[in-house]
Amino acid sequence: MADATVRDPGPALPEVEMHIRKPNDPATGVVVESRLCTTGGKKAAGIVRHIVIDIGATEIAGRFRAGQSFGVVPPGEDENGRAHKVRLYSIASPTGGEDGSGRLLATTVKRVVDEHWEDHGLFLGVASNWLCDRQIGDEVPITGPAGKRFLLPASPDEHDYAFFATGTGIAPFRGMVTELLSRAVRSQIVLVMGTAYGTDLLYDEELVGLAAKHPNFTYLTALSRESQSDGAGRMYVQGRLDTHAELFRRVLGGDRGLVYACGLAGMELGIMRGLLGCLGPEGFSRYVAVEPGLASDPGAWDRKMIPRQISPTRRMFLEVY
């Protein structure tokens with residue numbers, strides 16, 4: 001496979017600090033806000049909370065960037081009697097935090113409630129439910145920051161952006177979009193938020209408000225189990241590359257474009273196919289490198305081909321789980 005990163009090194013990324021506090025010596029933050037952030041509130045299919053933690057009394061205050069993660073060490077032991085391992089959560093704040101001074105750190109947490117496949121017994125996510133249970137004033141052990149790749153460029157005004165999120169994958173983009181708009185960049189910014197139903201959309205009112213205020217920011221939604229508000233049928237996030245092809249060609253068709261995707265594993269393949277259909281082979285090659293001949297048959301692509309046969313270039317940033 002041709003190495004597209006040799007031809008285009010992509011944007012320069014900022015230097016970041018990492019692992020200032022480790023799991024064996026976490027800092028102590030304090031919950032100052034916890035609210036539902038789904039459009040449908042209690043009517044949404046899942047319970048997702050926007051949680052704000054005050055880390056002002058710790059040395060990690062002001063030392064994280066939008067796109068990084070922090071760790072939470074839930075108390076107690078696992079079924080083997082060992083202390084619970086650290087869980088990472090994407091930062092949903094801009095680099096300056098919720099307050100602008102780096103003191104208040106936010107994240108987006110979905111309660112994990114499921115069944116064990118073997119015996120259909122109840123399964124509860126340890127860290128997610130513990131975090132969502134925290135009340136105002138409760139302490140939370142914090143580690144990090146973590147991550148040095150899924151970041152905005154060092155010179156953000158030199159680029160245009162297409163963000164694709166599913167579910168809580170919206171968290172880093174809430175921080176990134178807020179940061180870009182607060183800096184009054186001249187960039188064109190598109191954010192596509194994908195959920196099953198309209199009631200599951202996260203931060204929807206906030207993002208609608210930002211789009212109304214900033215002409216260079218377009219906010220689109222993609223609902224996979226109901227029709228769209230604009231009359232289009234059911235779709236995943238890559239569907240917007242078809243319904244808004246002209247917009248995406250403006251944003252991604254030149255040398256300024258960058259693509260970010262965050263959410264459930266599998267979404268990246270659909271986005272790659274959508275980019276090929278929207279931008280054509282030449283435009284597509286800015287973001288994805290494929291083995292010779294594969295571009296002619298995207299329907300045959302499989303996730304197992306990533307990254308050996310199908311690989312994102314330095315202009316495409318993926319964080320899937």
Side-chain angles (χ1 to χ4, degrees), residues 33-52 89-90 92-93 106-114 125 128-129 131-132 161-178 180-181 188-248 251 259-271 273-275 278 319-321:
E33 181 182 352
S34 180
R35 60 177 172 83
L36 291 175
C37 55
T38 46
T39 303
K42 295 180 179 179
K43 295 181 181 180
I47 299 170
V48 187
R49 302 193 73 83
H50 174 76
I51 300 175
V52 182
Y89 289 90
S90 293
S93 309
T107 189
T108 313
V109 184
K110 180 179 180 179
R111 286 187 183 272
V112 177
V113 181
D114 208 340
S128 67
N129 284 284
L131 262 180
C132 287
Y161 305 87
F163 298 110
F164 296 88
T166 59
T168 55
I170 192 67
F173 300 150
R174 176 184 182 268
M176 289 179 178
V177 168
T178 301
L180 288 169
L181 296 178
Q188 291 297 309
I189 307 163
V190 184
L191 169 61
V192 184
M193 171 70 205
T195 59
Y197 301 99
T199 51
D200 301 329
L201 292 169
L202 305 176
Y203 303 114
D204 184 64
E205 184 176 349
E206 179 180 335
L207 294 168
V208 168
L210 287 173
K213 184 178 179 181
H214 299 275
N216 61 325
F217 173 49
T218 301
Y219 168 56
L220 303 170
T221 61
L223 310 178
S224 62
R225 297 186 183 178
E226 65 182 42
S227 296
Q228 317 305 306
S229 59
D230 59 7
R234 302 176 183 182
M235 70 175 68
Y236 294 105
V237 287
Q238 64 266 23
R240 288 304 182 188
L241 287 162
D242 183 28
T243 63
H244 290 68
E246 183 177 342
L247 169 64
F248 282 102
V251 174
V259 174
Y260 292 73
C262 185
L264 294 175
M267 67 180 294
E268 69 273 35
L269 197 62
I271 292 170
R273 289 183 178 125
L275 288 170
C278 178
E319 191 160 285
V320 296
Y321 44 84

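The figures here come from the full heavy-atom set of this structure, side chains too, leaving out hydrogens, waters and symmetry mates. The chain is numbered in sequence order, starting from 1.
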Engineer: To the closest 0.5 Å, what do you measure between OG1 (T221) and CG (D200)?
Structural biologist: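 That separation rounds to 12.0 Å.
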Engineer: So, taking the atom named CD in Q188 and the one named CG in L180, what distance separates them when rounded to the nearest 0.5 Å?
Structural biologist: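 Rounded to the nearest 0.5 Å, the CD-CG separation comes out at 12.0 Å.
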Engineer: Would you say the side chain of R240 lies within less than 4.5 Å of the side chain of Q228, judging by non-hydrogen atoms?
Structural biologist: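 Yes, close enough: below the 4.5 Å cut-off.
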Engineer: Mark yes when over 12 heavy atoms from residues, nucleotides or ligands other than L210 sit less than 6.0 Å from its CG; otherwise mark no.
Structural biologist: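 Yes, the 6.0 Å shell around CG holds more than 12 heavy atoms from other groups.
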Engineer: Are any non-hydrogen side-chain atoms of T108 and C37 less than 4.5 angstrom apart?
Structural biologist: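 Counting from C-beta outward, T108 and C37 do come under 4.5 Å.
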Engineer: If we only count heavy atoms from C-beta on, is the M193 to D204 side-chain gap below 4.5 Å?
Structural biologist: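 Result no, sub-4.5 Å side-chain heavy-atom pair not found.
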Engineer: Is it the case that the side chain of T166 and the backbone of L264 share a donor-acceptor pair, with hydrogens and angles ignored and the cut-off at 3.5 Å?
Structural biologist: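 Such a contact is found between T166 side chain and L264 backbone.
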Engineer: Roughly how far apart are L241 CG and L247 CG, rounded to 0.5 Å?
Structural biologist: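 Spacing of CG (L241) from CG (L247) equals 9.5 Å.
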Engineer: Please report the closest heavy-atom contact between A165 and F173, naming both atoms and the distance.
Structural biologist: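 Closest pair (atom of A165, atom of F173, distance): CB-CD1, 3.6 Å.
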Engineer: For the residue pair F248 and F164, does the interplanar ring angle fall in the parallel (under 30°), tilted (30 to 60°) or perpendicular (over 60°) class?
Structural biologist: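 The arrangement is parallel - the two ring planes meet at less than 30°.
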Engineer: Would you say the side-chain atoms of Y321 and T168 include a donor-acceptor pair closer than 3.5 Å?
Structural biologist: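 Indeed, the side chains of Y321 and T168 share at least one donor-acceptor pair under 3.5 Å.
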Engineer: I need the minimum non-hydrogen distance between A245 and C278, along with the two atoms involved.
Structural biologist: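 Closest pair (atom of A245, atom of C278, distance): O-SG, 3.7 Å.
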Engineer: With a 4.5 Å heavy-atom cut-off, do I51 and Y89 have their side chains touching?
Structural biologist: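 Of all side-chain heavy-atom pairs linking Y89 with I51, none is under 4.5 Å.
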Engineer: So which heavy atom on S128 is nearest to which on K110, and how close?
Structural biologist: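 What the structure gives for the nearest pair is CB-O, 3.2 Å.
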Engineer: Under the criterion side-chain contact (heavy atoms from CB on, under 4.5 Å), I'd like the reasoning laid out for V192 against H244: C-alpha separation, chi angles, the key distance, then a yes or no.
Structural biologist: CA-CA 11 Å; V192 184; H244 290 68; over 6 Å; no
Engineer: At what distance, to the nearest 0.5 angstrom, does CG of L201 lie from CG of L223?
Structural biologist: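 Rounded to the nearest 0.5 Å, the CG-CG separation comes to 5.5 Å.
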Engineer: Can you name the side chain to side chain donor-acceptor pair (under 3.5 Å) partners of E268, sequence neighbours left out?
Structural biologist: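 Listed in chain order: R303.
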Engineer: Keeping the roles fixed (side chain from N216, backbone from I189), state whether a donor-acceptor pair exists under 3.5 Å.
Structural biologist: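 Side chain of N216 to backbone of I189, a donor-acceptor pair under 3.5 Å: no, none is there.
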Engineer: Quick one, H50 and Y203 - any side-chain contact, counting heavy atoms below 4.5 Å?
Structural biologist: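 The answer is yes; the side chains approach within 4.5 Å.
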Engineer: Can you see which heavy atom on T199 is nearest to which on A44, and at what distance?
Structural biologist: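 Heavy atoms of T199 and A44 come nearest at O-CB, 3.3 Å.
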Engineer: Looking at G270 and Q238, what are the two nearest heavy atoms and their distance?
Structural biologist: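 Taking G270 first and Q238 second, the nearest heavy atoms are O-CB, 3.3 Å.
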Engineer: For the atom pair OH (Y197) and NZ (K43), what is the distance rounded to the nearest 0.5 Å?
Structural biologist: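 Atom-to-atom, Y197:OH and K43:NZ are 15.5 Å apart.
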Engineer: Checking the side chain of S93 only, and the main-chain atoms of A106 only, is there a donor and an acceptor separated by less than 3.5 Å?
Structural biologist: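 Between the backbone of A106 and the side chain of S93 there is a qualifying donor-acceptor contact (under 3.5 Å).
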Engineer: Report the relative orientation of the aromatic rings in Y260 and F163; use parallel for angles under 30°, tilted for 30 to 60°, perpendicular for over 60°.
Structural biologist: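 If you compare the ring of Y260 with that of F163, the planes turn out tilted.
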Engineer: Does the side chain of L36 reach to within under 4.5 Å of the side chain of R49, using non-hydrogen atoms?
Structural biologist: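 SC-SC contact between L36 and R49 confirmed.
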Engineer: Is there a side-chain contact between L202 and T38 (heavy atoms, below 4.5 Å)?
Structural biologist: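 With C-beta onward as the side chain, the pair touches.
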Engineer: So L191 and I170, do their side chains get closer than 4.5 Å, heavy atoms only?
Structural biologist: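 Heavy-atom side-chain distance check passes, below 4.5 Å.
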